[in-house]
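These notes are about the structure you will find just below.
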There are 2 protein chains.
Amino acid sequence: MARTTGSDGEKTEAAIREAAVNLIARLGYEAMSMRQLAAEVGVQAAALYRYFPTKEELLFTLMREHMEGLTEAWEAAAPTNAGPEERLSAYVENHIAFHIGRRHATHVSNMELRSLSPERLTQILRMRTAYEKELRAILRDGTEAGGFSIDDTGLTAMALIQMMTGVIVWFRPGERLSIAEVTATYLSMTMRLVGAKIGGREERHVHEHAQLRA
Amino acid sequence: MARTTGSDGEKTEAAIREAAVNLIARLGYEAMSMRQLAAEVGVQAAALYRYFPTKEELLFTLMREHMEGLTEAWEAAAPTNAGPEERLSAYVENHIAFHIGRRHATHVSNMELRSLSPERLTQILRMRTAYEKELRAILRDGTEAGGFSIDDTGLTAMALIQMMTGVIVWFRPGERLSIAEVTATYLSMTMRLVGAKIGGREERHVHEHAQLRA
DNA sequence: ACAATAATAAAACGAACGTTCAATTAATTC
DNA sequence: GAATTAATTGAACGTTCGTTTTATTATTGT
């Protein structure tokens, strides 16, 4: 047999991406074989090579699009003309919502970096650094304006990102906590961590924010 | 050729463990071949099987001993008859010191869990859960005693552990920050995160603690 | 209806994988 | 110094890997 009835390039490519994210997240990139992936899609291994020239290029595509999605989500969510506190709130909410919504893709982007060639690794890390730079800028602004009390901006940014991204390790949708509750708790932990001086009114505002988004 | 002059079983086994930790941390478990590992040790691949019956058993041994080491380090460092604040300080300091000191082994234990068989995975996760339970107990005691102000003990424990363990992702010895500085900053971030009500005197005490250990 | 093109199957490639086995040599024991 | 044991080599096993090639069929455009 050859071309099958109803076969469609776009649908197949989308199916490959989705199956690849799930399989790599579950088994790891090296442990997933192209034959396994093809079977999951319902196709022969050779068909995959119509859409991705190599296994590594497939991995790179998944990672690049994940990072692009994260950047675009933040650009859409970032408030303009807002103070450091509000910007930090938006950053935390966007980060957690995005990562909970794409747990598998995040897993892939965080765990499989070492399987990329040096040039592709550099490219992904550049995107990641640019995204993290936004958080550092917020923390710096807040510290200079006196709203935050932070020892080391760079270290605090890394600690916050590790803490927030770590949510995908233990969070399972539909268990004890809702997304809104998780987001609200991470938001309050973040604000205390950076020593934000917020009164009762802003505190309530912050929680409303989280409830609305999640 | 066969047995080489000066060959010694104990030395070879130790060399295998060390090389395996470094190679797996760098390349990943699946990507490291037994031939690669053997070459790093300076031996033929078949020689590895005198010491570890399978590749997975080697991985499991590395992970189990890492977790045992972490548990033992905490048992030795845990203060007796101390309040939640002091116990939390000790927990943070021990965790960071241990993980910075064994960055590669931590990487292996955190990233390669999915390569274990179900029974071995369960065994490692049991050890990990027991270790994390200690932190939850501290947070619960501190909350009940009124010293901490925490929304959700379980969630906060996970967030703290993710934050602290994340230090191995970006920290490189001999760069901008010393181990003592990093530990002190993480300690103050932790205390603020849990809403610890500490005065100027205890705050200074906490920093001395960090300086001494690191 | 027919040509052109897109999508896939089937088979095969050489290389690398984890692992085993028999042979061989160094160290130890008596 | 002979017998025993410990440590390692070199070669081989069957399997699986990513990838390529060629043929075949479905769809699309005219």
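The shown structure was predicted, so the numbers you read here are calculated from the model rather than taken from an experiment. Only this structure's heavy atoms are used, side chains among them; waters, hydrogens and symmetry mates stay out. Naming convention: chains lettered A, B, ... in sequence-line order (proteins, then strands); numbering from 1 in each chain.
Using a 4.0 Å cut-off, no side-chain N or O of A:T54 falls inside it from OP1 or OP2 of D:dG18. Listed pair B:T4 / D:dT9 fails the phosphate criterion, with no side-chain N or O lying under 4.0 Å from OP1 or OP2.
Per the geometry, CG belonging to B:L37 stands 12 Å off P belonging to C:dT19, to the nearest Å. Between the P atom of C:dA16 and the CE atom of B:M32 lies a distance of 17 Å, rounded to the nearest Å. One can place CZ of A:R35 at 10 Å from P of D:dT16, the figure rounded to the nearest angstrom. Atom CD1 in B:I16 sits about 11 Å away from atom C1' in D:dT8, given to the nearest Å. In this structure, CG of B:L58 is placed 11 Å from P of C:dG18, rounded to the nearest angstrom. Whole-Å rounding puts the B:E56 CD to C:dT19 C1' distance at 14 Å. Put simply, NZ on A:K11 is 11 Å from P on D:dT27, counting in whole angstrom units. The CZ atom of A:F52 sits 15 Å away from the P atom of D:dG18 (whole-angstrom rounding).
Atom CD of B:E18 is surrounded by 12 or fewer heavy atoms from other residues, nucleotides or ligands within 6.0 Å.
Of the candidates C:dA9, D:dT19, C:dT19, the closest approach to any side-chain atom of A:A47 belongs to C:dA9. Listed nucleotides D:dT19, C:dT8, D:dT8 differ in distance to A:V43; the shortest reach to its side chain belongs to C:dT8. Comparing D:dC17, C:dC17, C:dT20 against the side chain of B:S33 picks out C:dC17 as the nearest. Set against D:dT20, C:dT20, C:dA9, the side chain of A:Y49 has D:dT20 as its closest nucleotide. Relative to the side chain of B:T12, the nucleotides C:dT20, D:dT21, D:dT8 differ in distance, and D:dT8 lies closest.
Residues A:A31 and A:P53 both approach DNA chain D. Their nearest nucleotides, taken by heavy-atom distance, put A:A31 toward the 5′ side. Nearer to the 5' terminus of DNA chain C, by closest-nucleotide assignment, is the contact made by A:Q44 (compared with the other of A:Q44 and B:E30). Take the nearest nucleotide of DNA chain D for A:R50 and for A:A46: the residue whose nucleotide is more 5' is A:A46.
Ion pairing of B:E13 with B:R50 is absent here, as no side-chain N (NZ or NE/NH1/NH2) approaches a carboxylate O to less than 4.0 Å.
Relative orientation of the B:Y91 and B:W74 rings is perpendicular, given thresholds of 30° and 60° on the angle between their planes. Classification of the B:H99-B:H66 ring pair by plane angle, with boundaries at 30° and 60°, yields perpendicular.
Using a 4.0 Å heavy-atom cutoff across all strands shown, B:Y51 reaches sugar-phosphate atoms only and no base atom.
Side chains of B:R128 and B:N110: a donor-acceptor N/O pair is present below 3.5 angstrom, by distance only.
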